[in-house]
Amino acid sequence: MDCLQELEEQRKRLVSSGNADRQHAKGKMTADERLAYLFDKDTFLEMNTFQNRGQGLEKPVARDGVIAGYGKINGRYAYAYAQDFTIQGGSLSASNARKIIEAQKAAQKAGVPIIGLMDSGGAKIQEGIEALAQYGSIFYNNVQSSGHIPQITAIMGPCAGGASYSPALQDFIFFVEGTGEMFVTGPGVVKEVIGEDITMQDLGGVDVHMRKNGVAHVRAKDDKECLDKIRALLSYLPQNSNEMAPINKKFKARWQRGIESVVPENKRKIYDVKRVLDYLADTESLYEIEPEFAANIVTAFGRVNGQSVGFVANQPAVIGGCLDVNASCKAARFIRTCDAFNIPLVTLVDVPGFFPGSDQEHNGIIRHGAKMLYAYSEAKVPKITLVLRKAYGGAYIAMCSKGLGADIVWAWPYAEIAVMGAEGAVKIINKKEIKAAGDRKAEVLKEKTDEYTRIHLNPYVGAKLGYIDDVIQPQDTRRMLEKALEAYTAMGIGSDKPHHGNIPL
Ligand code: HXC
């Protein structure tokens, strides 16, 4: 056999196509297919193609169970690795971990994003500590790259044991319905240790991580949708923390007429704040992060005149838009992600306060709410705040008030910014008068409530005192947003900010 033939023979052994049927039967693509779909056509270059340490070249362990390399996504370079479940359950060996580690280091050196496609039973059990220990290096690299380059993971099969901590250290986790499973201890161990009977999906399926605990950020119905969504997300992000996200003028502004009727003047009426975002962002540019978890706050990327921005908005349609433990953690993480990657923040405020009660207090609303205060105060990117309606108490401060460093704060004419709502306030400050009113109690309460409302519940008190830069017409908001973002970008606001990592919150 000549050398050229020999190469072809060796290459044939690298393809795990014999096992592709097993993947397809589960509704999954193979590792090869996933990478081919993720990258722009014919741009993927593989690293360490023949690596098969400890197995010998004669043993057909195709690509050591992990494929790693780089190529272009939407015309920009990125690294990626894909675990091959058909090779010993995609388990992490001392050998194939080196491929992942090398890709991580190369992505960091190049200053480009890295994407991990997870489909693995965890550490290769037969190898013991030799395999297990590699996770330490993978986690270490995740942290070294944190906030420098975007790190994205897709859970496209099992992601079991401590392996789940590498995704958790990254910026975004995508999760495929039905096939994705992620847990620290599997159902078998759960049964053995605490006697609980639970299925894999109930323990760590997509609903658990998207709805209940907020571990995952984006849901996908299958592999293709997952990879499409990763490609789309990357278009909002820069290659690294020294760059700006690319401008994409494909989408246009929406006609602004009608925006004024989205927010009801009646403060008790709810509405969907995403309708306001629809008006403010370029058409169809909104890309929501964690849409199912803590839906009382909306975190979404979007574009204004093609520029990538991060929207944070209270959602009055869910628990009145109150801030709670989960909303605080979700928002704080998103704010820090935007700040790490130079994405300006636009905050929409309609918040009655922090959600009251023992459940919130006992779960540490003080500790978690503080994360939002920290994240906004720390963020050096342009920060634009718009008060739509209610802005009460500590939650007003937490939603990027001037005190937390907002570059500009606007209010719509319906806005009311105060320590608390009228009825609650009057019952405290006019307690004695109400008590002394005898039969006229209801009358006095109404009088005092009206008086409080007239004096305090409007945007002009805050504007007079300099906490609001301007009270603006809803129809003018988009135009002003464009102006402000253009100005802040031209002036380089935040361009000299110090680096920070993106710790999970
Ligand atoms: C070696 C493994 C493996 C592993 C699966 N396989 N996991 N081989 N090490 N960790 C092999 C199986 O033996 C089988 O080989 C093939 O992969 C497919 O596995 P199946 O069990 O047949 O598939 P399925 O029924 O789909 O179940 C998948 C699974 C299950 C849910 C992932 O295999 C499983 O529970 N594996 C162990 C998960 C786990 O507890 N991992 C934690 C390891 S400790 P054959 O030859 O039959 O095809 C860990 C700690 C890291 O990861 C700590 C970091 C800090």
Side-chain angles (χ1 to χ4, degrees), residues 15-31 34 52-55 59-67 81-101 104 116-144 146 151 153-170 173 175-194 196-206 208-209 215 222-223 504:
V15 182
S16 64
S17 57
N19 296 324
D21 293 347
R22 272 166 70 188
Q23 279 290 93
H24 294 161
K26 290 179 182 164
K28 301 197 277 188
M29 295 160 93
T30 64
R34 285 168 175 166
N52 197 5
R53 297 161 64 92
Q55 309 280 356
K59 224 176 161 196
V61 179
R63 271 103 128 227
D64 222 354
V66 173
I67 306 173
Y81 56 89
Q83 295 174 316
D84 184 346
F85 189 80
T86 67
I87 306 294
Q88 297 170 334
S91 51
L92 189 99
S93 64
S95 168
N96 72 28
R98 292 168 65 121
K99 279 192 171 183
I100 295 174
I101 291 166
Q104 287 181 308
L117 307 181
M118 313 298 278
D119 195 354
S120 162
K124 189 161 288 179
I125 295 162
Q126 304 86 316
E127 286 189 16
I129 177 132
E130 190 63 359
L132 184 66
Q134 306 308 319
Y135 279 112
S137 305
I138 292 174
F139 301 162
Y140 179 83
N141 286 329
N142 285 139
V143 176
Q144 300 312 305
S146 184
Q151 299 182 86
T153 294
I155 311 299
M156 308 180 92
C159 182
S164 50
Y165 284 114
S166 176
L169 289 165
Q170 302 186 34
I173 298 180
F175 214 104
V176 180
E177 275 175 21
T179 49
E181 286 154 357
M182 196 184 189
F183 37 74
V184 174
T185 42
V189 179
V190 170
K191 171 79 183 158
E192 207 172 294
V193 178
I194 61 167
E196 184 187 358
D197 270 314
I198 190 156
T199 65
M200 290 224 202
Q201 281 294 314
D202 286 346
L203 189 63
V206 69
V208 172
H209 294 302
V215 165
D222 56 26
D223 283 9

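Note that the structure is predicted; figures quoted are calculated from it, not measured. Just follow the structure's listing: the first ligand is 1, and inside any ligand the first atom is 1. Quick note: residue numbers are just sequence positions, from 1.
For ligand 1 and K26, the ligand atoms under 4.0 Å from any heavy atom of the residue are 26 (O). Numbered from 1 in the order shown, with element, the atoms of ligand 1 that lie under 4.0 Å from a heavy atom of P158 read 32 (C). With ligand atoms numbered from 1 in the order given, ligand 1 contributes 10 (N), 52 (O) to contacts under 4.0 Å with heavy atoms of G122. Taking every non-hydrogen atom of M200 and a distance limit under 4.0 Å, the qualifying atoms of ligand 1 come out as 31 (C). Short contacts between ligand 1 and L132, defined as distances under 4.0 Å to a heavy atom of the residue, involve ligand atoms 50 (C), 51 (C), 53 (C).
A salt bridge is absent between K28 and D223; no separation between the charged side-chain nitrogens and carboxylate oxygens falls under 4.0 Å. Under a 4.0 Å N-O distance rule, the pair K99/D64 does not qualify as a salt bridge.
Between R22 and ligand 1 there is a heavy-atom distance shorter than 4.0 Å. Y165 does not count as a contact of ligand 1, since none of its heavy atoms falls under 4.0 Å from the ligand.
To the nearest 0.5 angstrom, I67 atom CD1 is 14.0 Å from Y81 atom OH. Note that the SG atom of C159 and the CD atom of E181 stand 10.5 Å from one another [nearest 0.5 Å]. I87 contributes atom CD1, which lies 11.5 Å from atom CG of D119 (distance to the nearest 0.5 angstrom). Atoms CE and CG, from M200 and D202 in turn, are 12.0 Å apart once rounded to the nearest 0.5 Å. To the nearest 0.5 Å, atom CG of residue L117 and atom CE of residue M29 are 10.0 Å apart.
The closest protein non-hydrogen atom to atom 9 (N) of ligand 1 is I125 N, 3.1 Å. Among protein heavy atoms, atom 1 (C) of ligand 1 sits closest to Q126 OE1, 3.2 Å. With respect to atom 3 (C) of ligand 1, the closest heavy atom belonging to the protein is S91 CB, 4.1 Å. Closest to atom 20 (P) of ligand 1 among all protein heavy atoms lies F85 CZ, 4.7 Å.
Per-atom contact check: atom 11 (C) of ligand 1 touches the protein, criterion being a heavy-atom distance below 4.0 Å. Note that atom 25 (O) of ligand 1 has no protein non-hydrogen atoms nearby, at separations under 4.0 angstrom. Put simply, atom 48 (O) of ligand 1 has protein non-hydrogen atoms near it, under 4.0 Å away. Distance check on atom 45 (P) of ligand 1: every protein heavy atom falls at or beyond the 4.0 Å cut-off. Within a 4.0 Å radius of atom 33 (O) of ligand 1, the protein contributes no non-hydrogen atoms. By the definition of a contact as any protein heavy atom under 4.0 Å away, atom 55 (C) of ligand 1 is in contact.
When K124, Q88, E181 are ranked by how near their heavy atoms come to atom 8 (N) of ligand 1, first place goes to Q88. Closest to atom 41 (N) of ligand 1 by heavy atom, among A163, A160, G121, is G121. If you check each of G89, A131, A123 against atom 43 (C) of ligand 1, the one with the closest non-hydrogen atom is A123.
Remark: the D84 side chain and the Q23 side chain contain no N/O donor-acceptor pair separated by less than 3.5 Å.
The neighbour count for E177 CD, taken as heavy atoms of other residues, nucleotides or ligands under 6.0 Å away, is above 12. Counting non-hydrogen atoms of neighbouring residues, nucleotides and ligands closer than 6.0 angstrom, the OH atom of Y165 reaches no more than 12 such neighbours. Atom CD1 of I194 sits in a crowded spot, with more than 12 heavy atoms from other residues, nucleotides or ligands closer than 6.0 Å.
Using bins of under 30°, 30° to 60° and over 60° for the plane-to-plane angle, the ring pair H209/F175 lands in the tilted bin.
A distance-only check finds no donor-acceptor pair linking the side chain of E127 to the backbone of A123 [under 3.5 Å].
Contacts between Q134 and ligand 1 below 4.0 angstrom, taking non-hydrogen atoms only, are absent altogether.
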